[in-house]
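Note sheet for the following structure.
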Amino acid sequence: MITRWGLHELRFVAQTQLPFEVTMFVMFCQGSSCRHRVRGFFDGDAFAVRFSPPDVGAWTYSTQSDVPSLNGLRGDFRVRHAPLDERGPIRAVDRHFEHADGTVHFSVGTTSYAWAHHSSATRAATLRTLEGPNRAFNKLRFCIFPKWFFYNHEEPQSGMYPYAGAPPAQWDFRTFNVTFWRHLELQIDELRRRGIVAELILFHPYDGVPLKKEPRGRWGFDCMGGQEPASYDTANDEHYLRYAVARLAAFSNVWWSMANEWDLIACKSHGIRSPPPVYLERPSEAELLCYSSQQADVRAAFGNNTGQLWNHWLQFGKAEGRLICDRVRLNGPPTALASPVWDRLFQTLRSEDPYPRETSVHNWNGPSSVLYNHSRPWIDHISLQVFQPVDSLELTSRIVGGMYGQKPVVWDEVGYEGDLPHPWGALSARQMVDRFWQGLSLGVHVGHGETLLTPGLPDDEQVMWWSKGGELRGFSPSRIQWFREHVESRRAHFDFSRLQPWAEADSFGCDCSAMLSPGNFMLVYVMSDRPCSFHLPGASIYRVDAIDYWAMRRRVLAWRAQGVTRVERAALEALNLSGSVPYVVELRSRGIWSDNEV
């Protein structure tokens with residue numbers, strides 16, 4: 001049975017010498033409306049076309065192809081209503097996400113870059129974790145291409161590569177390995193059945209180059225058009241994008257991330273222009289220590305010796321564009337003024353996708369990182385890597401406020417709960433959970449990650465969620481689940497298109513970020529232990545709750561507050577909260593809480 005938003009596949013048999021070079025489209029029509037032109041693809045034993053019908057009723061189709069036996073074929077089918085629990089694909093609407101049926105979607109994601117490339121046992125464990133008792137996440141970010149990086153120097157299981165050829169680098173970039181793609185889409189469908197978005201990372205830099213050990217990359221999937229930016233040819237990249245969209249876009253849970261850390265893929269950097277960095281004449285001691293903290297190699301060599309750090313930056317860092325935690329970082333990375341290679345790839349992706357699915361791109365979070373211009377029409381939501389949210393409050397506030405237009409904002413990467421010898425992979429569980437509540441107070445969706453080591457195992461045998469999936473062992477997921485349940489229980493108030501910064505927050509007397517929703521619902525994230533004086537709007541009576549997000553409970557600070565309500569640290573300590581700073585306060589007017597509420 002063909003249902004609305006489901007996947008309907010047509011298959012056609014034809015003989016041709018170069019099947020992956022065949023051009024085939026199918027036009028799908030309802031009555032006289034023919035708005036869906038879908039590319040076909042070769043699936044090993046037949047040509048296939050996949051279509052996800054957006055509406056119920058009678059449909060017809062007709063084929064167009066440069067192969068005579070595939071041209072001019074016609075047919076019809078009928079689409080029935082989706083099951084009652086099916087809400088349809090997710091799309092960005094203003095500053096929030098919603099399903100095709102209009103239901104608001106609150107994104108709570110996690111990252112497991114290479115889970116689809118590992119053993120069947122590890123993949124099964126990943127799926128069990130996602131559907132287990134702690135169902136914290138409704139999105140999983142992962143790569144189509146395999147990953148060669150810290151703790152993951154190994155070939156994919158069972159020779160599963162996207163192209164015909166032989167590892168490490170003898171590939172035919174015009175001929176796809178159908179077995180790999182069938183395997184990949186099975187993983188996507190497993191996530192769909194569990195109600196989880198599959199955010200597919202189309203390109204990434206983790207192909208050996210960042211480690212400087214293999215100057216041309218391990219497999220070369222990141223730079224299929226050559227290593228030289230000035231002469232980079234996008235033909236193979238575009239061939240790949242056309243095939244990926246044709247095969248995968250009909251899965252209703254697919255989102256596209258054009259790249260992870262797009263600004264680290266040097267071969268595609270031709271023409272990228274950004275405002276020049278602002279260098280300080282003489283950095284302070286604190287700034288030099290910050291520079292050391294961001295560069296693992298520098299920290300290992302010089303530690304906290306500020307004299308040696310200054311000399312190193314003058315000799316190497318300045319020439320390489322390594323900034324010293326300066327104004328550029330505090331105000332956020334600069335936005336690329338031009339990015340012609342990436343723009344062309346985005347144009348191809350968007351022109352090929354008949355729906356189109358949610359699309360974004362992700363940045364590096366380093367001293368010379370550059371943001372893509374998210375105001376481009378093919379960017380649906382804004383994906384950010386924010387390792388130290390406190391350093392990015394101004395940038396995030398400007399983006400949420402419309403710097404790139406009214407689009408949802410997602411902190412897809414905020415560091416990882418773990419114990420790696422790298423700052424990005426050594427967050428405590430409390431720090432990870434804290435980032436979700438801070439993001440919420442800014443009108444931002446937040447993503448999770450975990451990098452916990454298993455004692456005694458060599459690096460490349462480690463099975464960490466961040467890279468290989470498996471099981472989550474940290475203490476943050478259960479608390480993120482509680483966070484998600486809390487937000488979804490107040491879905492009407494946490495609509496990011498309606499939430500606005502609470503204008504009076506600057507007068508509260510404490511460092512905080514705060515959002516207000518029509519109907520007098522407020523959430524405040526407090527970053528200092530100074531007393532906070534909340535100026536409650538109107539003449540309404542408010543209930544004031546402190547949210548103990550570590551112990552997963554709420555504690556009432558005031559049942560019937562009006563006017564100015566003062567919250568002091570002593571009051572929080574008296575409620576036996578699990579840590580008093582930072583903390584979250586929720587304020588609700590009398591119309592949206594009841595006396596018998598716990």
Test item: side-chain donor near acceptor, [X] and [Y], under 3.5 Å:
X      : Y      : result
Asp412 : His381 : no
Asn152 : Tyr113 : no
Trp256 : Asp353 : yes
Tyr404 : Thr335 : yes
Trp262 : Ser339 : no
Trp219 : Glu155 : yes

Please report the shortest heavy-atom distance between [X] and [Y], naming the atom on each side.
X      : Y      : result
Ile265 : His204 : CD1-C, 3.8 Å
Arg37  : Pro354 : O-CB, 4.0 Å
Gly418 : Leu452 : CA-CD2, 3.6 Å
Cys267 : Asp222 : SG-O, 3.6 Å
Val108 : Ala136 : CG1-O, 3.4 Å
Leu202 : Leu241 : CD1-CD2, 3.9 Å

Does some side-chain heavy atom of [Y] sit less than 4.5 Å from a side-chain heavy atom of [X]?
X      : Y      : answer
Leu345 : Lys268 : yes
Leu371 : Leu395 : yes
Lys139 : Phe97  : no
Leu140 : Trp115 : yes
Ile196 : Glu131 : no
Pro162 : Trp181 : yes
Thr111 : Asn260 : no
Met258 : Thr359 : no

Can you tell me if [X] has over 12 outside heavy atoms packed within less than 6.0 Å of its [atom1]?
X      : atom1 : answer
Tyr243 : OH    : yes
Glu471 : CD    : no
Arg174 : CZ    : yes

Donor-acceptor check, side chain of [X] to backbone of [Y], threshold 3.5 angstrom: yes or no?
X      : Y      : result
Asp380 : Ala92  : no
Glu417 : Phe475 : yes
Asp207 : Phe221 : yes
Thr234 : Asp237 : no
Glu450 : Arg473 : yes
His448 : Thr110 : no
Ser65  : Thr23  : yes
Thr454 : Gln462 : no
Lys407 : Ile379 : yes
Arg435 : Gln431 : yes

- Criterion ring pair (Phe, Tyr, Trp, His ring centres under 6.0 Å) on His239 and Phe176, from CA distance to verdict: CA-CA 10 Å; His239 185 60; Phe176 296 99; 5.1 Å; yes

- Task: Run the numbers on Phe496 and His445 for ring pair (Phe, Tyr, Trp, His ring centres under 6.0 Å), then give the verdict.
- Result: CA-CA 9 Å; Phe496 284 168; His445 301 268; 4.8 Å; yes

- Check against side chain to side chain contact (heavy atoms under 4.5 Å, CB included), Phe180 and Ile144: CA-CA 10 Å; Phe180 166 88; Ile144 292 181; 4.2 Å; yes

- Message: Glu9: which residues meet the salt bridge (charged side-chain N to carboxylate O under 4.0 Å, His left out) condition with it, sequence neighbours left out?
- Response: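 Result, salt bridge (charged side-chain N to carboxylate O under 4.0 Å, His left out) vs Glu9: Arg11, Arg50.
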
Parallel, tilted or perpendicular: rings of [Y] and [X] (30°, 60°):
X      : Y      : answer
Tyr372 : Phe346 : tilted
Trp171 : Tyr161 : tilted
His105 : Trp255 : perpendicular

- Apply side chain to side chain contact (heavy atoms under 4.5 Å, CB included) to the pair Val49 and Phe28, showing each step before the final yes or no. CA-CA 11 Å; Val49 176; Phe28 292 90; 4.0 Å; yes

Thinking salt bridges, do [X] and [Y] make one under a 4.0 Å N-O criterion?
X      : Y      : value
Arg182 : Asp45  : yes
Arg91  : Glu98  : yes
Asp43  : Arg247 : yes
Arg4   : Glu86  : no
Glu154 : Lys468 : yes
Glu190 : Arg194 : yes

Separation of [Y] [atom2] from [X] [atom1] (nearest 0.5 Å):
X      : Y      : atom1 : atom2 : result
Gln64  : Met27  : CD    : CE    : 5.5 Å
Ser375 : Ile382 : OG    : CD1   : 9.0 Å
Trp411 : Gln385 : CH2   : CD    : 13.0 Å
Asp459 : Tyr151 : CG    : OH    : 5.0 Å
Leu427 : Leu420 : CG    : CG    : 10.0 Å

- Query: Within 45° of the six-membered ring axis of Trp378 and under 6.0 Å from that ring's centre, is NZ or CZ of Arg350 located there?
  - Reply: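 No.
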
- Could you walk me through whether Phe12 and Phe47 pass ring pair (Phe, Tyr, Trp, His ring centres under 6.0 Å), step by step? CA-CA 5 Å; Phe12 309 92; Phe47 291 88; 8.8 Å; no

- Message: Tyr240 vs Phe203, test: ring pair (Phe, Tyr, Trp, His ring centres under 6.0 Å). Steps then yes/no.
- Response: CA-CA 10 Å; Tyr240 156 69; Phe203 295 101; 5.4 Å; yes

- Message: One pair to check against side chain to side chain contact (heavy atoms under 4.5 Å, CB included): Thr451 and His422. What are the steps and the verdict?
- Response: CA-CA 10 Å; Thr451 52; His422 310 285; over 6 Å; no

